[in-house]
Amino acid sequence: SKDAVLMLQQTVVWMCDAVKFGQLCSDNVCNTQSTSDSWGEGHYGQLLTVGCLLDFGCGILHKGVDIECSDGSDVLAPFDVTIKGSLIVYNDPNKKAIDEGINLSGEGLCFKLFYVKPIKTSGTVDKGEKIGTMLPMQSVYQGITSHIHVQMCNRSEDPTEYFSDLCQTRVPSEETELIPGRFWWFDLPHYYA
């Protein structure tokens, strides 16, 4: 019916309007999240206990999401962003090699990226442009899955909702194919590792 098609169109528009991070790391086209290694897990709310070294110490909740990124890779703007300055992650001489990050805002969000050497500390950057370089995590946490730690500025907001697997398969339905003028995910080029 006409009402069902209108409702479907409104639902699709709402789903497409949700803020999602674009590719964050040049060697991780899917924004794959770090899951589990000998140092722990990379999801929001994890209790950090293994080694008592990650982020802010032993028995502390992980306040971000870890997105896999190899040491030395380019870090990219996930959407058009404003750079709000650099940051110090630990202020610990033993972790100097990875003790940098960057404060950013864009798409109505304020967030931080840890373990990134910024190429500049102010101004704007367009989606997909280089904003920094992934620092050498392996030099501090040998055997860890190297990653960018993404944390919202208020630390109480879980950034997970802003990420999705950019490589997941989405199959169009008959209803979505009938809506003219839409740019669908399946129209984009696909890259598989």
Side-chain angles (χ1 to χ4, degrees), residues 7-37 39-46 54-55 61-70 73-84 101-116 124-134 137 144-179 181-193:
M7 189 167 124
L8 176 63
Q9 286 178 332
Q10 289 171 338
T11 302
V12 170
V13 169
W14 174 80
M15 287 171 35
C16 292
D17 287 343
V19 175
K20 294 291 181 190
F21 274 60
Q23 183 180 355
L24 201 53
C25 180
S26 63
D27 76 341
N28 181 357
V29 297
C30 300
N31 275 350
T32 304
Q33 294 182 32
S34 178
T35 53
S36 182
D37 58 30
W39 290 94
E41 298 178 19
H43 62 82
Y44 183 87
Q46 173 209 351
L54 288 176
D55 295 317
L61 290 179
H62 188 246
K63 296 292 188 175
V65 169
D66 296 339
I67 303 298
E68 293 180 9
C69 191
S70 299
S73 294
D74 289 347
V75 178
L76 311 173
F79 34 75
D80 294 350
V81 296
T82 300
I83 300 171
K84 301 289 190 173
I102 188 168
N103 293 301
L104 300 162
S105 66
E107 295 293 325
L109 303 176
C110 177
F111 60 100
K112 302 169 185 244
L113 304 178
F114 293 5
Y115 318 126
V116 175
T124 59
V125 180
D126 293 335
K127 178 180 180 174
E129 289 185 16
K130 181 177 177 176
I131 55 175
T133 303
M134 178 66 197
M137 286 199 86
I144 198 168
T145 301
S146 293
H147 61 271
I148 301 165
H149 173 88
V150 181
Q151 179 175 298
M152 306 311 287
C153 292
N154 66 14
R155 296 190 69 212
S156 64
E157 184 179 0
D158 181 354
T160 305
E161 70 180 276
Y162 303 114
F163 285 90
S164 60
D165 181 347
L166 297 177
C167 295
Q168 72 185 13
T169 303
R170 294 188 179 113
V171 179
S173 68
E174 287 184 46
E175 291 83 9
T176 59
E177 290 177 338
L178 297 176
I179 301 172
R182 288 274 181 231
F183 184 74
W184 298 101
W185 181 90
F186 51 83
D187 292 327
L188 299 174
H190 296 74
Y191 303 99
Y192 298 100

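Numbers here are sequence positions counted from 1. Computed from a predicted structure; not experimentally measured.
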Could you go step by step and tell me if Phe111 and Phe163 meet the ring-ring contact (aromatic ring centres under 6.0 Å, His included) rule? CA-CA 13 Å; Phe111 60 100; Phe163 285 90; 8.7 Å; no

Evaluation steps, side-chain contact (heavy atoms from CB on, under 4.5 Å), between Val65 and Gln33: CA-CA 7 Å; Val65 169; Gln33 294 182 32; 3.4 Å; yes

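Between atom OG of residue Ser70 and atom CE of residue Met137 there is a gap of 12.0 Å, rounded to the nearest 0.5 Å. The distance from the NZ atom of Lys63 to the CZ atom of Arg155 is 6.5 Å, given to the nearest 0.5 Å. Annotation: the span from Met134 atom CE to Glu68 atom CD amounts to 10.5 Å, rounded to 0.5 Å.
Using a 4.5 Å cut-off on side-chain heavy atoms (C-beta onward), Cys69 and Ser146 make no contact. Residues Thr82 and Leu104 are not in side-chain contact: their nearest non-hydrogen atoms beyond the backbone lie 4.5 Å or more apart. Here the side chains of Thr133 and Ser73 are not in contact, with every heavy-atom distance at 4.5 Å or above. Side-chain contact check for Leu113 versus Val75: some heavy-atom pair is nearer than 4.5 Å. Under the 4.5 Å side-chain criterion, counting only non-hydrogen atoms from C-beta, Val150 is in contact with Phe21. The closest side-chain heavy-atom distance from Phe114 to Ile148 is not below 4.5 Å. No side-chain heavy atom of Phe79 sits under 4.5 Å from any side-chain heavy atom of Lys20. Residues Thr124 and Ile83 fail the side-chain proximity criterion, which asks for heavy atoms closer than 4.5 Å.
With hydrogens and angles disregarded, a donor-acceptor distance shorter than 3.5 Å links the side chain of Asn28 to the backbone of Asn31. Remark: side-chain polar atoms of Tyr44 are paired, donor with acceptor, to backbone N or O of Ser156 under 3.5 angstrom. Using modelled atom types, no side-chain atom of Ser105 and backbone atom of Cys110 make a donor-acceptor pair closer than 3.5 Å. Panel note: side chain Asp158, backbone Glu161; no donor-acceptor pair is recorded below 3.5 Å. Glu107 places no side-chain N or O within donor-acceptor distance of the main-chain N or O of Leu109, the cut-off being under 3.5 Å. No donor-acceptor pair closer than 3.5 Å links the side chain of Asp74 to the backbone N or O of Lys130.
The two residues Leu76 and Cys25 have their closest heavy-atom pair at CD1-C, 4.4 Å. Here the closest non-hydrogen pair linking Gly132 and Val116 is CA-CG1, 4.0 Å.
The pair Asp80-Lys127 fails the salt-bridge criterion, with no side-chain N (NZ, NE, NH1 or NH2) lying under 4.0 Å from an Asp/Glu carboxylate O.
Relative ring orientation between His147 and Tyr115 is described as perpendicular, the plane-to-plane angle rising above 60° on a 0-90° scale split at 30° and 60°.
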